[in-house]
Amino acid sequence: MSLECTKWEMAVCEVTVIHSWSSPCSLSTSLMYSFAQRDDVEVLDEPLYANFLRVSGLHKPYRDQLLSKMESDGNKVVKDIISRPGSKKYRFCKHMSKQKVLGLTEDLMKNGKHFILIRNPLDILSSFDNDALPTFSELGFVELVCIYSELYELGKPPVVIDAAELQQDPEDTLRGLCNDLEIPYQPAMLKWEAGPKSIDGLWAPWRYKTVHKSTGFKQERKDLQPFPFSLYALLEQSLPLYNLLRRHVKKKRSLLSPPLPLPDLPVPANEKLLAWVGDEIVTRESAKVSVFDSVVQGGDSVWEGLRVYNGKIFKLEGHLDRMFDSAKALAFENVPTRDEIKEAIFQTLVRNGMFDNSHIRLSLTRGKKVTSGMSPAFNLYGCTLIVLAEWKPPVYDNTHGIVLVTASTRRNSPNTLDSKIHHNNLLNNILAKIEGNNAKADDAIMLDKDGYLSETNATNIFIVKKGRVLTPHADYCLPGITRATVMNLVVEQQLILEERRISLSEVHTADEIWTTGTMGELSPDIRSEFRINIIDELKVQLSKVNKKCDKCGHGEATFYTRQMRSADEG
């Protein structure tokens, strides 16, 4: 035999191993049958099963037969069976995640290509009959998450596919899987013959009765069955782990409509942040409230916007005063204390490392209800506190100015909903904002019922007319914290301040217009015709207010990390 021929035979014998990891009842056997239809793949049905039975001591009706016919030393399986040379280019190994036990060689995960097949535990648990009820360990979701994490740490984040996608659109899902595994797709993967297969494991007569009836992934549509609520605890334990893995599925099936592409975030750094919900800090994707929460049921919540400057929260005490007033006006019960809310805010900021150029959306809902409905009598769990901190510069262009238009939507009257209650029911403002968006403006000016100036959809408003600074009464508009600060600064600058009714014609003929708010600070209107630059001096003065450090808690509140405190003391 020539040397050249020997090299050719060695190349033929090189095998790329493809590892499939899944929970039971996740279409893993169907996927094994699919790969078995390829002309370049050999398949192994759970080669680590005997090792798992040996290590776990688990009883199965076929245990003795399996241990006598399959290699039960896991490391020998990896070396001599999974990684052995072969006559085909690829070797597909179907694994149950629970079979990834301690003691297996690192080569199992370091070598080959890996993907994870997941299925909604609602479907998995419903497939078990009453004679063989599952356990949490049998479902193997913890192991699936660990497998994903281990491969991620090795620099080989695995592909994740959902069984629902296989059933809904098998060809597209298989094409995507093959592309991610860097192997060619073959149409033969869509069909197979019904009945037992020579590649089946010894356990097939006990477990494969249903899949032996199949000839493809698409099944006849069956009527949904009620979930067996005796398994509700298992569902509660496993569903979060399934959802954790499902985030890594490229294509997600939806019962309602095709999923939208992932949008770009205004500030990419906010992709990874921590939020306070209820009584704990959670990740961005886990930051959710109950569907029974009052904020979901009826927008029944109060909120504040806070901005962080150089380790200080601007006017924290004033914002908390307004939040407690709003909660009292709405008759909230079991409200957290001021110190508890402060602690939640400070913990959230410190955990995120947000000491400057940050904004907080602080919400306090009436809380979760015992049943859906309007009545606050159903709110028996106490309030829900939400601290959402983001990296967020001022949302308006405060250098070049903003464009305002007048909305036809009128501001709520105190006869209907008092603006002094800083509530989350913002539809009135949102309707005006829609008008602003349609006009391609930054914000929309809202008038009161008599046609006088109130505020914009998101900010308070000031105008300058013949050297006088004018702003509407806080009857229809929110009495903003930044608004009050600017009013004080106007007086300190010995300018004339008038809080009165302002007609729309006065706005149109104003020498200067600006808006105020925690989210946007001081924002000049770009179309003010005769600028006399009062706002520029106010910006300077407001910046000085922001830089003040009131350690006694009167006005600005300061929070310190150890590093900030030591630097301050040094």
Side-chain angles (χ1 to χ4, degrees), residues 11-12 14-23 26-45 82-83 86-97 100 108-120 123 144-145 147-192 199 211 214-219 242-255 257-264 271:
V12 170
E14 290 178 358
V15 175
T16 298
V17 180
I18 299 171
H19 298 276
S20 166
W21 299 95
S22 67
S23 297
S26 297
L27 301 187
S28 57
T29 304
S30 295
L31 193 57
M32 179 182 71
Y33 290 170
S34 171
F35 272 83
Q37 307 313 302
R38 299 175 59 103
D39 57 16
D40 56 357
V41 173
E42 63 169 308
V43 301
L44 296 177
D45 190 5
I82 293 176
S83 304
S87 58
K88 294 191 176 181
K89 189 172 183 180
Y90 305 104
R91 178 172 295 123
F92 180 91
C93 294
K94 169 194 156 192
H95 304 293
M96 293 294 102
S97 59
K100 172 70 169 58
L108 175 65
M109 307 305 287
K110 287 183 176 179
N111 299 331
K113 301 174 183 288
H114 298 259
F115 73 91
I116 291 175
L117 172 64
I118 60 173
R119 192 181 187 193
N120 194 319
D123 298 320
L144 280 178
V145 172
I147 288 168
Y148 183 93
S149 299
E150 183 176 349
L151 290 168
Y152 185 88
E153 290 173 2
L154 289 172
K156 301 171 58 174
V159 180
V160 182
I161 62 171
D162 197 315
E165 307 293 344
L166 275 173
Q167 289 186 310
Q168 181 74 12
D169 192 348
E171 180 175 351
D172 189 50
T173 304
L174 288 172
R175 282 184 181 275
L177 176 60
C178 291
N179 181 66
D180 290 329
L181 293 173
E182 299 179 318
I183 66 175
Y185 167 75
Q186 292 187 7
M189 299 175 72
L190 293 173
K191 295 287 183 182
W192 54 84
I199 57 175
V211 74
S214 69
T215 58
F217 289 105
K218 285 199 171 183
Q219 306 291 324
Y242 162 77
N243 287 327
L244 182 66
L245 290 166
R246 189 170 181 266
R247 292 174 195 161
H248 302 287
V249 176
K250 289 185 178 179
K251 174 187 173 186
K252 294 184 178 71
R253 172 177 167 265
S254 172
L255 293 174
S257 61
L260 296 173
L262 289 175
D264 294 328
E271 181 181 1

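- Partner of Glu42 under the salt bridge (Lys or Arg N to Asp or Glu O under 4.0 Å) criterion, out of Lys89, Lys88, Arg91: Arg91 alone.
- The backbone N or O of Met109 sits less than 3.5 Å from a side-chain atom of His114, completing a donor-acceptor pair.
- Looking at residues two or more places apart in sequence or on another chain, you find a side-chain contact (heavy atoms from CB on, under 4.5 Å) between Asp180 and Val159, Lys250.
- With sequence neighbours excluded, the residues forming a side-chain contact (heavy atoms from CB on, under 4.5 Å) with Ser83 are Val78, listed by chain and number.
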Practice item. Could you go through the side-chain contact (heavy atoms from CB on, under 4.5 Å) check for Thr173 and Gln167 one step at a time? Key: CA-CA 9 Å; Thr173 304; Gln167 289 186 310; over 6 Å; no

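- Here CZ of Arg38 is found 5.0 Å from CE of Met189. Values are rounded to the nearest 0.5 Å.
- The distance from atom CG of Leu177 to atom CG of Asp172, rounded to the nearest 0.5 Å, is 11.5 Å.
- Partners of Tyr242 under the ring pair (Phe, Tyr, Trp, His ring centres under 6.0 Å) rule, at least two apart in sequence or in another chain, do not exist in this structure.
- For the atom pair OG of Ser97 and CG of Leu144, the computed distance is 4.0 Å after rounding to the nearest 0.5 Å.
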Exercise for review: Apply the test side chain to side chain donor-acceptor pair (under 3.5 Å) to residues Ser30 and Trp192: give CA-CA distance (whole Å), side-chain angles for both, the deciding distance (0.1 Å), then the verdict.
Suggested key: CA-CA 9 Å; Ser30 295; Trp192 54 84; 5.6 Å; no

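- With sequence neighbours excluded, no residue satisfies side-chain hydrogen bond (donor to acceptor under 3.5 Å, both in side chains) with Ser22.
- Contacts of Tyr152 classified as side-chain contact (heavy atoms from CB on, under 4.5 Å), with partners at least two apart in sequence or in another chain: Tyr148, Pro157.
- Residues meeting the side-chain contact (heavy atoms from CB on, under 4.5 Å) test with Leu244, sequence neighbours left out: Val145, Arg247.
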